[in-house]
Structure formats: structure tokens, C-alpha cells
Amino acid sequence: MSAAALADALVSREISSADATQAYLDRIAAVDPDVHAYLHVNDAALAAAKVIDARRAAGDDLGPLAGVPVAVKDVLCTADMPTTAGSRILEGWVPPYDATPVARLRQAGLVPLGKTNMDEFAMGSSTEYSAYGPTRNPWNLDRIPGGSGGGSAAAVAAFEAPLALGSDTGGSIRQPGAVTGTVGVKPTYGGVSRYGSIALASSLDQVGPVARTVLDAALLHDVIGGHDPRDSTSIPDAWPSFAEAARDGLQRDDLTGLRVGVVAELSGGDGFQAGVEQRFRETVDLLERAGATVIEIAAPSFAYAISAYYLILPAEASSNLAKFDSVRFGLRVTPDGGGTVEDVMAATRERGFGPEVKRRIILGTYALSAGYYDAYYGSAQKVRTLVQRDFATAFDQVDLLISPSAPTTAFAIGERVNDPLAMYLNDLTTIPANLAGVPGMTIPMGLAPEDGLPVGVQLMAPAREDARLYRYGAVLERLLEASWGSRLLDRAPDLDRGQESAAEAGVV
Ligand code: GLN
């Protein structure tokens, strides 16, 4: 069931939240030993569901998703569950408060199922940098589920949760969405509060929804989004209903008048898998056949976005991670024979951080150092401005930009873990939106013919136009499904049908 369908069944009392929650807990018990999407399962989930059932029985006015279970990426603080951000340095840490998106989930009556696995401090594209072991892709357990939010995406793809929260600094919602056949949205920067989201790079981070349909993502975005005085970068203006935008999209099939730009720099060539390019061309054809005008857009600075990102992100991360000093949070390691406060901090950070985190702290500290600041961090900020200008020029000509969400399907576990550069190149298509603060969405665009694994298409809109993504995302989702003849992504083949491939099942 989609979250929207489950919500309807809850309203009509066909099913109770307690039964739905129990079904998800059973599914987690059955498949999570293989998938490892969760770091922690909420032992209070059933009790929370029963409270919602009682309130519904009492006639309380409940929100549209009340009683629907949801998984939460372990980067978000939860007052009743450990929050590790995938790191040993926070092992066992229980925050004193809820992150705003989590508080809003609870307020809206959603039932937190647990915390999902992620690359340590959200650095990575595969969850292999989690200190607690990788998550596996439900479509093929030998493949990565993307990252850093691979846990949330895999949980939704494996039917271990109908909805999940993620965070996206350079693609960590969209790239896992692409490779697991799920829907994910990085909202406009400032659209969802960052309060209580453990910071990776504060000028890039956004919390957002992970779901199986565009409407489900919209419903969740409506719950978590909107102004929060506790986040000084939160946009104070009111937002339209994203669910309404998605429902409007579901009524349409004529796209006459819509102008769509294919970003040349993000849509093929070096590093792109042939099957991804093929599905993308077919998706563009679908849009044209529905009446949209498609033009090619040049965004020359996007070619440098990844280089700029990998200076800006480590710079901000090295600063944000300085707070993990053994004094206030989590782990404390005292060297043999004692030592000074600095010795304790050094020993703690040496033991508590994994190799990718250390790599980025060193890179960022170097890029910010007095002698190199202008050459590296300063230049990267200039490129960031150019990327923003390329978006502005593009959105003078078109309403939406589109590209594949990731250059390849899910790669094998172990393939890139020791090759940071190969890992970074994955983010080619998603990073520009973070640098410019514009919203981006991934929706499944079928399976790649070579390997039968999911591929995603990315839609991007101007800042604050998230509703446009939901409206046209819903249209495109329907067009794609009609072209497949069924919701072919409504299953997790490697879990439910053994190793039988999608090709054998005749759906490729
Ligand atoms: N893969 C990107 C990185 O490693 C994405 C991170 C993110 O969005 N949290 O930086």
C-alpha cells in the first residue's frame, strides 16, 4: 500500500494503526537481517500507534497521515531513540530533544518505526562508510542502496516502512532513491528546518521525504516543512500544499505549454551507463508526446560543480565536526597512562571517526588554512555563484530541468569503497541543486536493460517552486507507469522472489 492508501484505510477504520505498525515490525523482523536498513527499531512504536487509534476512536481531529508509520534517518535527533549519524563517536547517544522534522511527525500522529542506517555523518554514496556495516539494496543484495541515506531508501524499497525521512547535502536523498526505485525530494534550501539535524555542511543540508509515490512524498513534505524560528535559515513565508499539487498532477495528462530543459552536462557521456541514458531518452520522449516542449540547456559551470562541492563541503564539515571533542557528546577515549585534555580529544577522534570522515576533515581544514583559503575555498565559492547563475539563465527559458538522477544503477558492495574519487563522481547529477539551493526530485524511470536494476529521473525547479516538482512529478510518474503497463517497482525482487531477475519476469 502507498502511504496515501494506508492513510485512507486508517480513516475508514478498515485497519488500525496498531495493526499496520505491527505488520511493518514483522516485515522488519523478516527481512532486515538481510537488508540492514535499520540501526535501531523503536520499541515504543506499537504504543504510539495505539495512542493514535484511541484518539481516532475518540473523534479527535487528526492530520492526513495520522497513524502511518515512518522511518527516520539516524542523522535526525530523537529524544527517545539513540542517534549516531552512523558514527562510533556517537554510539549509544540519546539526544535531549527531537529535531523539528521529527517533532512535526509526532505532532501529526505519524508513528516512528526506528532509525535508519547511513554513511558516517552523511558522507558517502553507498552506506559502506557507516560504522555499523552497510545496508544492502533490496533489488539485489550484493549491490549498494546508495548513500548517504541508503537505509531510508532501502527501508521503503523493501516495504519495511511506507515513508521515511532523509537528508540531502549533495544527493543523499535523490541518489539512493534512484538506485532503489523510490521517490525522494530535496526541498528548496530553507524549506524544511535543519534544527536537530546533525550538520554535515550547513549551507547545503536539507531534510526531505523518501517515499514510493510522488503523492506520498508530498504528504510527508507537508508535515515536516514550513518555517521554524529555531533555524535561522528557514524561509519564513507560507508554502502551498504539496499534496494538493500532486493530486492536481494526477488529474492531468496534457503537458502542452510546459517547457522542460534537458541539462546537457548532466545527461550523458563519460561515466553514464548506457541503460540509464536509454531510459532517460525514453522519458524525454514521453514528455514530448504529452505535449511538453523540450529543449537542450547548456549549464557550462555544472562541469565544475563537483570540484567546488568537494571543497565547500569538507570546509564546512571540518568546522561542524569540531564539536565532537569527547567532552559533550558520546565517546571518550583516554590514552593509556592518561594525558592532557588534547590527548583525550585526539585519541577520541582517532578512534571515533572513520577514514572518510578523517579524509574530509583534513581536506576541509587544509582548504580553509590561511595560505590556501583564497586559492581553494574562495575559488569554490566563486564557482558556486556561477552554478547559481547557470540555473537562473536556465529558468529564464524553461519551467523544469531534467536529467538522470544518477549516472549508473547500483554498483556492487566493495567496488568503490576504497576509491573515494569514484565514489564522489556518483554525485555528478545531484550536486548542482544543492549548490544553488533549488529543489530536486527523483522518480523511478524504469529498470536498466543491462542489469534489471532501477534508474531514476531527476526534476529540478526554481527555488521555492517545490509545488511545481510535485505537480509535474505526479504527471510524469503516471505517464511512466502507463508506459510500463503496471507499477513494476512495487516489489523488492531479491527479497520476495529469490534471485529471479526482472528480465526473466519480462518487465524490462
Ligand atoms: N555523496 C555525497 C557526499 O558524500 C552526498 C552527501 C549527502 O548528501 N549527505 O558528500
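Atoms within a ligand are numbered from 1 in the order they appear, just like the ligands themselves. Keep in mind that the numbers below use all heavy atoms, side chains included, and drop hydrogens, waters and symmetry copies.
Of the polar atoms of Ser167, none of the N or O atoms is found under 3.5 Å from an N or O of ligand 1, judged by distance alone. Backbone and side-chain nitrogen or oxygen atoms of Ser125 are examined, and one is located within less than 3.5 angstrom of a nitrogen or oxygen of ligand 1. For ligand 1, none of its N or O atoms has an N or O atom of Gly147 under 3.5 Å away. Distances between N or O atoms of Ala122 and those of ligand 1 include at least one value under 3.5 Å. The N/O atoms of Gly170, backbone and side chain alike, include one that comes under 3.5 Å of an N/O atom in ligand 1. The shortest N or O to N or O distance between Gly124 and ligand 1 is under 3.5 Å.
Cation-pi contact between Arg88 and Phe353: absent, since separation from the ring centre below 6.0 Å together with deviation from the ring axis within 45° is not met.
Near Asp168, meaning under 4.0 Å from any of its heavy atoms, are these atoms of ligand 1: 8 (O). Counting atoms of ligand 1 from 1 in the listed order, those under 4.0 Å from a heavy atom of Asp427 are 1 (N), 2 (C), 3 (C). Interface of Arg360 with ligand 1, defined as ligand atoms under 4.0 Å from a residue heavy atom, comprises 3 (C), 4 (O), 10 (O). Residue contact check: Tyr309 has heavy atoms under 4.0 Å from atoms 2 (C), 3 (C), 5 (C), 6 (C), 10 (O) of ligand 1. Listed by atom number, the atoms of ligand 1 under 4.0 Å from Met123 heavy atoms are 4 (O). Residue contact check: Ser148 has heavy atoms under 4.0 Å from atoms 9 (N) of ligand 1. Listed by number with element, the atoms of ligand 1 under 4.0 Å from a non-hydrogen atom of Leu200 are 9 (N).
Residues Val70 and Val111 have side chains not in contact (no heavy-atom distance under 4.5 Å, counting atoms from C-beta outward). For the pair Leu400 and Leu469, the minimum side-chain heavy-atom distance is below 4.5 Å. Using a 4.5 Å heavy-atom threshold, the side chains of Thr135 and Glu128 count as separate.
By the neighbour-count criterion of 12 heavy atoms within 6.0 Å, atom CZ of Phe272 is densely surrounded, having more than that number from other residues, nucleotides or ligands. Within a 6.0 Å sphere centred on CG of Asp270, other residues, nucleotides and ligands contribute 12 heavy atoms or fewer.
At the top of the distance list for atom 5 (C) of ligand 1, counting protein heavy atoms only, stands Ser172 OG, 3.3 Å. Shortest contact from atom 3 (C) of ligand 1 to any protein heavy atom: Tyr310 OH, 3.2 Å.
Taking 4.0 Å as the cut-off between side-chain N and carboxylate O, Asp32 and Arg27 do not count as a salt-bridged pair.
A ring-centre distance under 6.0 Å is not found for Tyr38 and Tyr132. Taking the six-membered ring wherever Trp is involved, the centroid distance between the rings of Tyr97 and Tyr195 falls below 6.0 Å.
The shortest heavy-atom distance from Tyr424 to ligand 1 is not under 4.0 Å.
Judged as a side chain to side chain donor-acceptor pair (under 3.5 Å), the pairs with a partner in residues 360-372 (not counting sequence neighbours) are, in order, Glu356-Arg360.
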